[in-house]
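Indexing begins at 1, ligand by ligand and atom by atom, following the structure's order. What you see is a predicted model, and the numbers here were worked out from it, not measured in a lab.
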Amino acid sequence: MVEKKYKTAPLKSWDKAKEIRLNIYKEIAEAKSKGKVLLGGGAESLIALPTGFDYAMLVGEPYGAAISYLAKSDPDEYMKYVEASEHAGYPRDLCAYMRNYIGSILRDKYVFGGPFPKIDFYLQAGFCDTHSKWYQAVSDITGRPYFSLDLVPFDWEIEGESEKTKDLKRKYIVDQIHEAIAWMEKQTGREFNDETFIQGVLNECESTSLWAKVCIANRAIPAPLDEKTMLSLYVLAVIGRPRNDVVEFYRELLDEVEDRVANQIAANPYETARIITDSQPPWFALDLFRLLETYGVVSVGAHYTFGLSGGWEYDEENKTWEAGKTPQEKGVEVKTRDEAANVLADWWLRTGTVCRGVRHSGAGKIQRIMDMVDRWKVDGAIVHLNRGCEGTSLGQMDIVSSLLERGLPTMTYEGNHADPREYDENRTFARIESFMETMGLKQLYEFKKGE
Ligand code: SF4
């Protein structure tokens, strides 16, 4: 056994993250019996919007991922979700999360136990091209109404948009926020509470900015976190960023991660090389990160993991991205619904980076990935050519070419983030092992599956 280079320690926040996630799914199951508004929708549908109600929200993509975990523990049960969706005519080339979600509705089965929750309405934003159609289909199946916001494509730090077009885009989203609130009031017959909405918006800004700061802490050598762990941490921002307990969690997590940096506590005590990945991982096969560890490799993150619910602000002078400054940090007071709507629209347009990658030209995403390579001191990249996601796989081969052009060892593997029929673990492991050799790395200890 090779000697460890760094200290390591379990992450103290780990259990808390699991507890909050499960609580959120429990609240969804119990929402109707507790008289709450229950809605469904996508992760980037401006999820602070319903905070003006006493509510619970089932966020579609992480729910689709939760179903795909079954592929590992109970493959036969998992196939029942997939087949229900496919028999209803939703083919394999559609978003794999969407297919799992629709399978869950058609089976009337909530993966966390009991029947599929009785959703009052669906609220969605056109984040990638699938999103609005996803909830249109769900609305057709369930008969529940849906509202879709149009999130305009943007990438203004890269595309050099004028202040006038930026203002028009902000206003376009603010108008839709007001429209969505009026629509939700009509659907529920309940009054929208501006105070809780304002707090929800401020929480959304703070959670996402804190997550960006946690990612920034991972620039340290040794990295305090590995991507496999980050995938269990970022999800709280995805499903609950406007919540008080989620903001509190990220404050504590940032303290803990900064303490790990100060004390050189490593995610991988053998850290020898650092990589990034691209796109969502195959959720049912996260062992690939364990295989990398046996070579002393730590995956420090991904454009996706950092950005899906991360608040990143472009630093014009240094041509890089830093954690977005929240309204609270800037001393901006938010007192009215309209002010909160403006803050939310501005925050989303200014700091949401993944949406730029799925709705706009690849130039911005390539620049952000190069920034990660430089600032997170990355030695290689592993790109998941993800057949289950038309959004995050957009432009992937251009990214690979750009990384290879700058001389960064880069490998690809084909797969699907939520459908194991399109992922070949033996072949992927063989590719990773030869990639490790090309990076000049040796296996330090034996890989044991499931550890
Ligand atoms: S970005 Fe990918 S995973 Fe998300 S809705 Fe679009 S296709 Fe599905």
Side-chain angles (χ1 to χ4, degrees), residues 39-47 57-69 71 81-82 85-86 90-105 111 122-139 146-155 231 234-235 237-239 241 277-286 302-310 348 352-362 364-365 368-369 383-397 399 414-423:
L39 72 148
E44 301 304 313
S45 43
L46 304 179
I47 67 171
M57 178 170 184
L58 178 62
V59 176
E61 302 91 318
Y63 182 69
I67 294 173
S68 74
Y69 283 128
Y81 287 89
V82 177
S85 172
E86 288 181 357
Y90 297 95
R92 270 166 91 154
D93 57 351
L94 291 179
C95 167
Y97 286 158
M98 170 184 162
R99 288 188 287 125
N100 285 354
Y101 188 98
I102 287 179
S104 180
I105 292 177
V111 77
Y122 291 93
L123 178 74
Q124 179 51 47
F127 176 75
C128 90
D129 290 341
T130 293
H131 274 129
S132 297
K133 296 309 278 184
W134 172 338
Y135 292 96
Q136 184 185 33
V138 166
S139 175
Y146 87 113
F147 187 98
S148 187
L149 291 96
D150 178 25
L151 294 182
V152 277
F154 62 96
D155 207 344
L231 290 166
Y234 92 116
V235 74
V238 180
I239 60 180
R241 54 192 178 273
T277 69
D278 187 51
S279 191
Q280 302 94 320
W283 290 107
F284 45 84
L286 298 178
H303 184 264
Y304 168 81
T305 324
F306 282 12
L308 184 66
S309 289
W348 194 86
T353 48
V354 165
C355 186
R356 291 153 153 76
V358 303
R359 291 292 302 276
H360 215 284
S361 78
K365 183 171 173 186
R368 284 188 293 281
I369 286 180
V383 175
H384 176 203
L385 302 174
N386 182 358
R387 294 182 185 178
C389 174
E390 48 147 338
T392 61
S393 58
L394 193 75
Q396 279 189 310
M397 293 317 286
I399 293 164
E414 287 186 32
N416 187 310
H417 62 300
D419 189 339
R421 294 169 301 175
E422 297 193 315
Y423 174 71

Taking all non-hydrogen atoms of both residues into account, name the closest pair between Leu151 and Ala125 and its distance. CD1-CB, 3.4 Å
Can a side-chain donor-acceptor contact be found between Gln280 and Thr392 if the only test is distance below 3.5 angstrom? yes
Under 4.0 Å from ligand 1, counting heavy atoms only, is it the side chain of His417, its backbone, both or neither? side chain
Check ligand 1 against Tyr97 and write out every atom of the ligand that is under 4.0 Å from a heavy-atom position of the residue. 3 (S)
Identity and separation of the nearest protein heavy atom to atom 6 (Fe) of ligand 1: Cys128 SG, 2.2 Å
Would you sort out whether Glu86 and Arg421 count as a salt bridge (Lys or Arg N to Asp or Glu O under 4.0 Å), showing the intermediate values? CA-CA 13 Å; Glu86 288 181 357; Arg421 294 169 301 175; 2.7 Å; yes
Could you list the atoms of ligand 1 found under 4.0 angstrom from a heavy atom of Glu390? 7 (S)
Identity and distance of the protein heavy atom lying nearest atom 8 (Fe) of ligand 1: Cys95 SG, 2.3 Å
Only one of Phe147, Tyr135, Tyr146, Trp134 passes ring-ring contact (aromatic ring centres under 6.0 Å, His included) with Tyr122; say which it is. Tyr135
Looking at Gln280, which atoms of ligand 1 are within less than 4.0 Å of one of its heavy atoms? 3 (S)
Does a donor on one side chain and an acceptor on the other come within less than 3.5 Å for Trp283 and Tyr97? yes
Distance to 0.1 Å, residue and atom name: give those for the protein heavy atom nearest to atom 2 (Fe) of ligand 1. Cys389 SG, 2.2 Å
Ring centre gap for Tyr90 and Tyr101 strictly below 6.0 Å: no
List the closest protein heavy-atom neighbour of atom 5 (S) of ligand 1: residue, atom name, distance to the nearest 0.1 Å. His131 NE2, 3.2 Å
